[in-house]
Amino acid sequence: MTKSVHEAVASQYEKWVYPFPIQDLSAPEHRHRRDGADPSTRFWSYWPCEEFRDDMDILIAGCGSNAAARYAYNHPQAKITGIDLSTSSLAHEAYLKDKHGLQNLTLHQCPIEDVASLGQTFDFIDTSGVLHHLPDPVAGLRALKTVLRPNGVIAVMLYGKYSRTGVYMLQEMFQTLGLGQTEDDVATVKAVLGLIPQSHFVRDYLKRAKDTQYDAGLVDTFLHPQDRAYRVADCLEFVDAAGMKFMGWWDSMLYYPEGQIDTNHSLCRQINALPEAKIWQVMELFNGTLGQHAFFVCHPERPEATYKPDFNSDALMSYIPVARGTVEEDTADNFKVSRKPYATFSLQPVVAQMYRQIDGKKTVSECFDAANVSLPANYDKQSACSEVFKYLWRLSLVFLRMSAG
């Protein structure tokens with residue numbers, strides 16, 4: 001069974017090279033593009049107690065046509081290994097390697113389940129959009145666990161169930177029609193997408209999904225032989241079944257009410273009274289548009305104190321906040337911060353005063369002192385900092401370095 005599924009998936013990607021092959025990583029539209037899990041942009045989420053370093057051993061598990069080369073291009077000090085089932089995808093990765101002289105890139109045709117055969121271990125593993133195509137995704141994550149170093153991180157992206165409801169309706173329709181993956185079958189998919197009612201569940205998904213703008217993306221979305229999707233609860237169960245520890249979401253703002261509901265509304269307070277996992281589940285249902293769940297995991301032996309902020313401890317005051325957002329407006333009446341592609345947030349005066357002080361050097365305590373804020377009588381310094389920086393962290397507007405390092 002496993003072999004036949006692997007063969008079907010490999011056959012798809014041999015013919016329908018995915019994602020759309022980049023021809024030049026130095027082209028303006030690609031030059032500054034980073035993969036969503038890239039540790040250069042999320043280092044303080046993965047290792048908030050460590051000094052930044054870029055000389056890691058990185059595995060791209062299911063690299064497709066571009067990702068391993070893009071990592072090697074963006075991380076010249078790192079050693080990048082890319083594995084994939086598809087020789088066509090690996091051939092394009094090799095083309096990019098030669099074009100850009102990426103001596104730090106090594107490529108292997110290898111199923112994720114057989115990754116231990118490489119005889120290597122890694123500091124960081126990116127497996128985005130891959131495990132949900134395996135016959136046994138848990139076995140895939142377990143295999144990656146065996147090659148992860150003790151303090152390492154695996155970044156995972158899985159399909160989100162609810163937002164893809166329309167996709168699975170059409171997948172079932174195309175299976176009932178007996179479609180395969182020929183050019184004529186792709187033409188049928190395009191015809192159906194042009195005919196379906198505007199009220200169909202898939203319409204909203206199509207507005208957000210860039211993959212459906214080219215043929216290989218249509219095949220990957222609607223004609224894939226092996227595809228499953230996950231709810232928040234499923235993601236947590238998946239990580240636990242693989243013997244890993246869930247560390248956090250790539251973008252916490254998608255899973256907390258502060259980014260989507262007025263904090264003064266009673267619903268926000270009601271949701272925040274729940275256990276954290278329940279908060280995430282409620283916000284997934286409230287949002288309704290999460291076509292993917294992106295998170296990171298580690299070995300269960302790794303102490304939570306090395307990556308999970310504690311907003312209720314004295315240690316908070318020694319954390320060093322690092323700004324993730326861009327200030328869009330800073331006037332007497334408005335302080336607006338954004339982090340593209342997400343929303344722009346207007347910060348309340350006390351929050352704005354502290355945010356202005358964030359420079360990647362000052363501690364939380366020092367940001368508070370420099371902001372010179374006036375507090376209500378029922379607030380002390382630590383409770384104010386706890387509320388402000390928990391709010392900013394949940395909005396994905398700050399990283400919190402957990403040691404002066």
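Computed from heavy atoms alone, side chains included, the values below leave out hydrogens, waters and symmetry copies.
For E29, the CD atom is densely surrounded, since the number of other residues' heavy atoms within 6.0 Å is greater than 12. Heavy-atom contacts from other residues, nucleotides or ligands closer than 6.0 Å to CZ of F201 number 12 or fewer.
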- Candidate pair T331 and D333, rule side-chain hydrogen bond (donor to acceptor under 3.5 Å, both in side chains), full reasoning: CA-CA 5 Å; T331 66; D333 299 321; 5.3 Å; no
- Start with the C-alpha gap between Y13 and H224, add the side-chain angles, then the distance that decides, and say whether ring pair (Phe, Tyr, Trp, His ring centres under 6.0 Å) holds. CA-CA 10 Å; Y13 293 123; H224 204 291; 5.7 Å; yes
- Do M402 and W44 pass the side chain to side chain contact (heavy atoms under 4.5 Å, CB included) test, and can you show the C-alpha distance, the side-chain angles, and the key distance before you say yes or no? CA-CA 9 Å; M402 293 163 58; W44 307 124; over 6 Å; no
- Task: Any chance you could lay out the side chain to side chain contact (heavy atoms under 4.5 Å, CB included) test for R33 and R70, step after step, and finish with the verdict?
- Result: CA-CA 9 Å; R33 180 181 171 187; R70 185 165 52 229; 3.7 Å; yes
- Task: Test Y379 against S386 for side chain to side chain contact (heavy atoms under 4.5 Å, CB included), laying out the working first.
- Result: CA-CA 11 Å; Y379 273 82; S386 174; over 6 Å; no
- Begin with the C-alpha distance, continue with both residues' side-chain angles, and end with the deciding distance and a verdict on side-chain hydrogen bond (donor to acceptor under 3.5 Å, both in side chains) for H75 and D38. CA-CA 10 Å; H75 296 266; D38 195 313; 2.8 Å; yes
- Starting from the C-alpha separation in whole Å, work towards a yes-or-no answer on side chain to side chain contact (heavy atoms under 4.5 Å, CB included) for S396 and R324. CA-CA 7 Å; S396 302; R324 299 181 71 180; 3.8 Å; yes
- Audit row: Y168, D227, side-chain hydrogen bond (donor to acceptor under 3.5 Å, both in side chains) steps and yes/no: CA-CA 9 Å; Y168 294 119; D227 178 342; 2.8 Å; yes
- Please lay out, stage by stage, how R394 and N272 fare under the test side-chain hydrogen bond (donor to acceptor under 3.5 Å, both in side chains). CA-CA 12 Å; R394 286 188 168 190; N272 275 331; 2.7 Å; yes
- Candidate pair R231 and E237, rule salt bridge (Lys or Arg N to Asp or Glu O under 4.0 Å), full reasoning: CA-CA 10 Å; R231 303 167 302 153; E237 291 173 6; 5.2 Å; no
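Proximity of a side-chain donor or acceptor of T188 to a complementary backbone N or O of D184 within less than 3.5 Å is detected. With S88 contributing its side chain and E14 its backbone, the two residues share a donor-acceptor pair below 3.5 Å. Y71 places no side-chain N or O within donor-acceptor distance of the main-chain N or O of D35, the cut-off being under 3.5 Å. In this structure, the side chain of D220 does not engage the main chain of F222 through any donor-acceptor pair within 3.5 Å. Here the side chain of H108 pairs no donor or acceptor atom with the backbone of T81 at under 3.5 angstrom. Using modelled atom types, one side-chain atom of T221 and one backbone atom of G217 make a donor-acceptor pair closer than 3.5 Å. A donor-acceptor pair under 3.5 Å is formed between the side chain of H92 and the backbone N or O of I22.
With rounding to the nearest 0.5 Å, the separation of OH in Y73 from NE2 in H30 is 11.0 Å. In this structure, CG in L96 is found 6.5 Å from CD in E93, a value given to the nearest 0.5 Å. One distance of note links CD1 of I125 with CG of L59; it measures 5.0 Å at 0.5 Å rounding. Between atom CG of residue L158 and atom CG of residue L141 there is a gap of 8.5 Å, rounded to the nearest 0.5 Å. Atom CE of residue M244 and atom NZ of residue K145 lie 6.5 Å apart, to the nearest 0.5 angstrom. Separation of atoms CD1 (I58) and CG (N104) is listed at 9.5 Å; rounding is to 0.5 Å.
Of all the heavy atoms in L223 and G180, the pair that sits closest is CD1-O, 3.3 Å. Nearest heavy-atom pair across A116 and T146 is CB-OG1, 4.1 Å. The minimum heavy-atom distance linking P303 with T306 is given by the pair O-OG1, 2.7 Å. Contact record, I279 with P257: CG2-CD, 3.8 Å, taken as the closest heavy-atom pair. Closest of all the heavy-atom pairs between R302 and P48 is NH2-CD, 4.4 Å. In this structure, A61 and I83 approach most closely via the heavy-atom pair CA-CG1, 3.7 Å.
The pair K362-D369 fails the salt-bridge criterion, with no side-chain N (NZ, NE, NH1 or NH2) lying under 4.0 Å from an Asp/Glu carboxylate O. With respect to the salt-bridge test (charged N to carboxylate O, under 4.0 angstrom), the residues D359 and K361 do not qualify. Using a cutoff of 4.0 Å between basic side-chain nitrogens and carboxylate oxygens, D251 and R42 are scored as salt-bridged. A salt bridge links D204 and R208; the closest N-O separation between the charged side-chain nitrogens and carboxylate oxygens is under 4.0 Å. A salt bridge links D330 with R356: the closest approach of a Lys/Arg side-chain nitrogen to an acidic carboxylate oxygen falls below 4.0 angstrom. Under 4.0 Å is where a charged nitrogen must lie from a carboxylate oxygen, and between K245 and D240 no such pair does. Salt bridge R339/E328: absent, no basic N to carboxylate O contact under 4.0 Å. Looking at R149 and D57, a side-chain N of the basic residue comes within less than 4.0 Å of a carboxylate O on the acidic one, giving a salt bridge.
Ring geometry for W249 against H293 counts as tilted: the plane angle lies between 30° and 60°, on a 0 to 90° scale.
Counting heavy atoms from C-beta on, the side chains of C367 and I358 come closer than 4.5 Å. M173 places a side-chain heavy atom less than 4.5 Å from the side chain of L177. The shortest side-chain heavy-atom distance between Q181 and P225 falls under the 4.5 Å cut-off. A 4.5 Å side-chain heavy-atom check between L206 and L193 finds at least one atom pair inside the cut-off. For the pair I154 and T127, the minimum side-chain heavy-atom distance is below 4.5 Å. The closest side-chain heavy-atom distance from R164 to Q171 is below 4.5 Å. Proximity of Y307 to W47: side-chain heavy atoms (C-beta onward) are nowhere separated by under 4.5 Å. Within the 4.5 Å cutoff, the side chain of F20 has no heavy atoms near those of the V17 side chain.
Checking W250, Y255, F246, W280 one by one against F295, the ring pair (Phe, Tyr, Trp, His ring centres under 6.0 Å) holds for a single residue, F246. Exactly one of E50, H299, E301 qualifies for a side chain to side chain donor-acceptor pair (under 3.5 Å) with N151. That residue is E50.
F311 meets the ring-ring contact (aromatic ring centres under 6.0 Å, His included) test with W393; sequence neighbours excluded. For F389, the ring-ring contact (aromatic ring centres under 6.0 Å, His included) test picks out no residue, with sequence neighbours left out.
With ring centers used as reference points, Y159 lies 6.0 Å or more from Y230.
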